[in-house]
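Residue numbering restarts at 1 for every chain, and letters A, B, ... go by the order of the sequence lines.
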There are 2 protein chains.
Amino acid sequence: MSTTDRPSQYEKALRGLRTLILNGQFEANTRLAETALAERLGISRTPLRQAMDRLVEEGLLERAETGRCSVASFTMDDIIDAVELRGVIEGTAARLAAERGVEPALIEECREVLAKLDRATAHAGAIDFRAYVPLNLRFHALIAEMCASRIVQREIERANRLPLASPSAFLQGQEVAQDFLDTLPRAQEQHRSLLDAIVAREGARAEALAREHARLARHNLALALEAGPRLADRVPGLQLVSNH
Amino acid sequence: MSTTDRPSQYEKALRGLRTLILNGQFEANTRLAETALAERLGISRTPLRQAMDRLVEEGLLERAETGRCSVASFTMDDIIDAVELRGVIEGTAARLAAERGVEPALIEECREVLAKLDRATAHAGAIDFRAYVPLNLRFHALIAEMCASRIVQREIERANRLPLASPSAFLQGQEVAQDFLDTLPRAQEQHRSLLDAIVAREGARAEALAREHARLARHNLALALEAGPRLADRVPGLQLVSNH
DNA sequence: TGACGAAAAACTGTATACAGAATATCTTCA
DNA sequence: TGAAGATATTCTGTATACAGTTTTTCGTCA
């Protein structure tokens, strides 16, 4: 179950099926048959069903009255709301961190991440995209840690699993789009302000900044859809969004 | 699977096990053995395991590295954070409802519920507790509906399942406690103001009011713990909270 | 007496069989 | 030709068997 053990059949099923769905191997609303899928993934139905239950929970599958599962489809509004919610919950973590105070070690690590992000985004013409993505993820994880609440942290993880809501949802395959790259320095400025607010114990400001920061993802969704179907193949899950 | 069908074994397992846990049949951190539980509930291990996975997801069970499940235990801080989060997410629903506008029929139904709640709480000395609980639940469900977002609604339902976080978590077996009954008229006034704010399209006010309203639950938690172990037997799940 | 280690028991993860329900196919009749 | 019904196929929900771990028990030795 951990990093060293070889993965269980359940994990194999979860990872495999999630990858199939996000990579667009099925059209939205496709009905999935357990037997066929189990064979395709090389496992039995038992762990596959476990994985399917989990993906229903995550929102990637929908279960009909009869028990059958189909691949979910999303509207623009769904994505917008999911991003809004992620912003709200991250904002709560930021506010609680500001209100309750944060361990200095976390602040310190966050400053280091910000410095590295600075280096990656300093030159608008030559942004180091490869470095950016994991650093960005780390920054957001640190904000979650700062609230020191396992309940809030748990819900942030969940909110990030909502389809296309995670901080890195639109950071895939967009390294070519210039108008997207232009948003990265702006995002980095928001990162800095957010940490400042938390350190200064300014809860309301921290919350507002986290929310506004999430709005960038909404903007990126619009950019991604403008870019046309060419991009839909490269942003995981994007082909499950209807009307485009 | 629906209301008319007889419940599936999985539903039987889910309901049965959840009831056992919330009614305090197990101490916090008790390890549960699947075989024994399945026998006790009169079903096989397969649907029981499904139910246990679900309860892990809900936070009522914890799964160890080895796969074993144990009954969760909560600290005061866990409950406080869960209530805070519920307030934040309900607040988002209220704000979105205000910002985006609400179908008149929903407003109308909400007004009727408020009127009935008025009647139930009008006389501080003779509060109709039996009527209050379902009406209160209905009011909160209506707020969730008003945002007209399946994503937000979904997360509200989830937030309500967080242990002891639901709007009615502390409305069980407290009909005897006078200082608790005293909070009900205050809650009702908040209900009214919240709907007013939504109708007036005052998003920020609606959000703030929903949050403050959730804080009442926190206050009730304190009251419940003050009341001592006598009450712990009557509020489902309360015996899973440590240090009291 | 107490710690260590081996054997035994119990438990979980997974595959599989089977029954009943849902779905698809085919046939019949207007 | 098209709709309706019957049959056949497929699929899901559940029970159960079994293998590999984990946990417990028991006996041994210092």
Quiz item: Nearest to the side chain of B/R31 - C/dA22, D/dA15, D/dT23?
Solution: D/dT23
Exercise. Identify which nucleotide among D/dT14, C/dT14, D/dT12 has an atom closest to any side-chain atom of B/P47, counting heavy atoms from C-beta outward.
Key: D/dT14
Exercise. Report which part of the nucleic acid A/L37 touches: base, sugar-phosphate, or nothing (heavy-atom distance under 4.0 Å, all strands).
Key: nothing
Self-check item: Proximal nucleotide (of C/dT23, D/dA15, C/dT12) relative to the B/R68 side chain
Solution: C/dT12
Practice problem: For A/N29 and A/S70, test the side chains for any donor-to-acceptor distance below 3.5 angstrom and give the result as yes or no. | Solution: no
Practice problem: Please determine, for the side chain of B/R45, which listed nucleotide (D/dA15, C/dT14, C/dC11) has the closest atom? | Solution: C/dT14
Exercise. Give a yes or no on this: more than 12 heavy atoms of other residues, nucleotides or ligands lie within 6.0 Å of atom CD of A/E27.
Key: no
Quiz prompt | Any side-chain heavy-atom pair of B/V83 and B/L162 under 4.5 Å | solution = no
Exercise. Using heavy atoms to find the nearest nucleotide of DNA chain D for A/C69 and B/I43 separately, return the residue whose nucleotide is more 5′.
Key: A/C69
Self-check item: Per A/S44 side chain, nearest of listed nucleotides D/dT12, C/dT14, C/dT23
Solution: C/dT14
Quiz item: Any idea how A/H191 and A/H140 line up, ring-wise: parallel (<30°), tilted (30 to 60°), or perpendicular (>60°)?
Solution: perpendicular
Self-check item: Candidate nucleotides D/dT12, C/dA22, C/dA15, ranked by approach to the side chain of A/T46 - the nearest
Solution: C/dA15
